[in-house]
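Down below is the structure, laid out as structure tokens.
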Number of protein chains: 2
Amino acid sequence: MQLDERKVKILQAIIRNYLETGEPVGSRTISKYTDLNLSSATIRNEMSDLEEMGYILQPHTSAGRIPSDKGYRLYVDTMMEERVREVDEMRELVLQKADKVDLVLKQVAKLLAANTNYAAMISSPQYHHNKVKFIQLSKVDINQIVAVVVVEGNIIKNKIIDVEEEMDDQTLLKLNILLNTNLNGLSLENINLGIITMMKEQAGIHSDVVGSVIDAVAEAIRSDEDLQIYTSGATNIFKYPELSDHEKASELINVLEEKQQLAGLVNETLANGEQNRGIQVYIGNETPVQTMKDCSVVTATYELEEGMQGTIGIIGPKRMDYDKVVSTLKQLMEQLDSLYKKT
Amino acid sequence: MQLDERKVKILQAIIRNYLETGEPVGSRTISKYTDLNLSSATIRNEMSDLEEMGYILQPHTSAGRIPSDKGYRLYVDTMMEERVREVDEMRELVLQKADKVDLVLKQVAKLLAANTNYAAMISSPQYHHNKVKFIQLSKVDINQIVAVVVVEGNIIKNKIIDVEEEMDDQTLLKLNILLNTNLNGLSLENINLGIITMMKEQAGIHSDVVGSVIDAVAEAIRSDEDLQIYTSGATNIFKYPELSDHEKASELINVLEEKQQLAGLVNETLANGEQNRGIQVYIGNETPVQTMKDCSVVTATYELEEGMQGTIGIIGPKRMDYDKVVSTLKQLMEQLDSLYKKT
DNA sequence: TATTAGCACTCACCCTTTAAGAGTGCTAAT
DNA sequence: ATTAGCACTCTTAAAGGGTGAGTGCTAATA
């Protein structure tokens, strides 16, 4: 079956309507809502097709239709309309204070939550593109060695590695050379499985040590020890009945409170942001955080200084006002940019 | 009417039962639950008395009774039984990591929440007993002066004060002397209303300036700019039906997320803790944070080093298991003490 | 051939009724 | 002073019934 123009129009109308009301939308509504001048019966036929194609679905027989994840995806990819409007309030608020970064971040989160009526999160900026500068393995004990990893920005990471058998100095030297020659100058994205396996092969029986070191490197580069995440407006989810039964609300709020899982979202976003510059939309099951499979998550990467990136996220129901959220985020990014890059 | 021993026993039985079940408890239950060997009819009479005295109340005619705030208060003050038990798990976990304070605090919060099934909060330790070392007023403009307050620990606080009329140097000097002679060496608790009014009198027409300076002093001593508050287990409140309707749950979780209001709780606790060393129980309306008027809050003051105090709080329903919470908190305090004071 | 009117049917939702159960207060008996 | 007994109240859950929104299908229409 073909998705002709009329079907698109109808689908769009259905989604628009559903975004507003949150109620399944019926054929009669569409018949009136659009300028297609078609009877409800015709619409019904078209809707039946759209359902077959997987863009919409019926919560139960004899209810209206609601968009499916696929439907939302199509909408977000092709039918969204940029909206520019009352972001003035934001301008004021964001510009307010700039002396302490964390205060600004808190404000941004609060602002976003209040502005969008969804939950908002923001991660503190992290050095991300950092490259490995130096690696040093040293023996501290018969069966323990310490790996010291220094990355650009002089972040230092130590990791104790247990080894089964004692390692003589020469082997250690060899490993040191191996590690430094192969990893120096590389950033997290550049250390791929190819390099890793190659190194492990060269290390022979000490391949597990290499593995541990690489873990340490990853940690050092990510340095998410002092990854701060601020949230705001978690309780906004109560505004959407489809999320506010105890079970779901509880899970969601928990994720937002404990922050643990949000770190995953941050990393995912930063990793993806690499290619896919800017704003990303995760609908339902697309989300990297499984707890949010009934939600949509819109994330954006911001950058305070070169290589100093953080993530902003909006968490809301699938019937989120994508247009608004996306344009709000874009505006906000500009704000942040002008706030820090100009100076 | 008199609260004789039998009434106390019955009240205790009612409360105990209600703490467990959360359901209004009827006369027949008590008749069986206690070893008083009284018929339900007798209990009914006694309950009627207890209600008249305000210790219990009926949600509606022909329902059982539930404890009133007054009833809980009596219970907490006189009938609680210390409980010592499986806090072993805690010992392990708390001792785990000690290199970064904030990690420990996060863990403590998490642990408490998981252990008690209530929401937990913990504030980062603050210098609190600090005394004023020095105060200096200087004119910066025709109608602006700046107050510089230095307190022990060399925390410095500035505050701009607007004045209606220009102040000549001599007046300023007088005020400086007045402030320094009266406030130096005093800590927050020692600056009482008596001193304040006395000073304001002496300052004459400039009493409002004195007031502003005292505000600045209070801020400096509290220094809650970098007051961190960690929460955990906010979603535990969903376990208690009396708190988990949307409205209440939303408000509560919001307070826990935004932290703002919790700072008030911290300050209150620290201030009270002065006299009332140790653990405090706020039942219902007794709470310093109005949003929690349907909850009970149990707080404790902990001290890492001399004068370095923080607050731990447990937020739960009024029918909280006070015995458990109090003894858990006590145990925890010991843990924290031994963790940091021994070294 | 595409569109539409018409109609029977489904299902969630709301309202009312009904019955059961828990608990009380009062009175009279012990 | 205590208790048995009973009428009464009030909540809660279940059951029934009506309503309305919406569908799918069929037959008529442009």
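Numbers restart at 1 for each chain; the letters A, B, ... are given by sequence-line order, proteins then strands.
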In whole Å, what is the span from the [atom1] atom of [X] to the [atom2] atom of [N]?
X: A/Ile30; N: D/dT23; atom1: CD1; atom2: P; answer: 10 Å
X: A/Arg6; N: C/dA2; atom1: CZ; atom2: C1'; answer: 8 Å
X: A/Asn37; N: C/dT4; atom1: CG; atom2: C1'; answer: 13 Å
X: A/Ile43; N: C/dA2; atom1: CD1; atom2: C1'; answer: 13 Å
X: B/Ile10; N: D/dT2; atom1: CD1; atom2: C1'; answer: 12 Å
X: B/Glu51; N: C/dG25; atom1: CD; atom2: C1'; answer: 12 Å
X: A/Leu50; N: D/dG24; atom1: CG; atom2: P; answer: 12 Å

Subject >> 5' priority, DNA chain D, between B/Glu46 and A/Asn45 [closest heavy atom] >> reply: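 Taking each residue's closest nucleotide, the earlier one in sequence belongs to B/Glu46.
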Original post:
Can A/Lys9 and A/Glu46 be counted as an ion pair, charged N to O under 4.0 angstrom?
Top reply: no
Original post:
With A/Ser296, which residues qualify under side-chain hydrogen bond (donor to acceptor under 3.5 Å, both in side chains), at least two apart?
Top reply: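 Per chain and number, A/Ser296 pairs via side-chain hydrogen bond (donor to acceptor under 3.5 Å, both in side chains) with A/Tyr322.
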Subject >> nucleotides 4-22 of chain D: protein proximity per nucleotide (B base, S sugar-phosphate only, - neither; heavy atom, under 4.0 Å) >> reply: BB---BBS----------B
Taking everything shown except [X] itself, do over 12 heavy atoms lie less than 6.0 Å from its [atom1]?
X: B/Gln260; atom1: CD; result: no
X: A/Lys330; atom1: NZ; result: no
X: A/Asn37; atom1: CG; result: no

Between [X] and [Y]: side-chain donor-acceptor atoms closer than 3.5 Å:
X: B/Gln280; Y: B/Tyr282; value: yes
X: A/Arg319; Y: A/Tyr240; value: no
X: A/Arg28; Y: A/Ser40; value: no

Original post:
Reading DNA chain C 5' to 3', how would its secondary structure be written in dot-bracket notation, given Watson-Crick and G-U pairs with both distances under 3.5 Å, brackets [ ] for crossing pairs and | for partners on other strands?
Top reply: ||||||||||||||||||||||||||||||
**OP:** For residues B/Leu243 and B/Gly316, report the shortest heavy-atom separation together with the two atoms involved.
**Re:**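 Distance-wise, the nearest heavy atoms are CD1-C, 4.1 Å.
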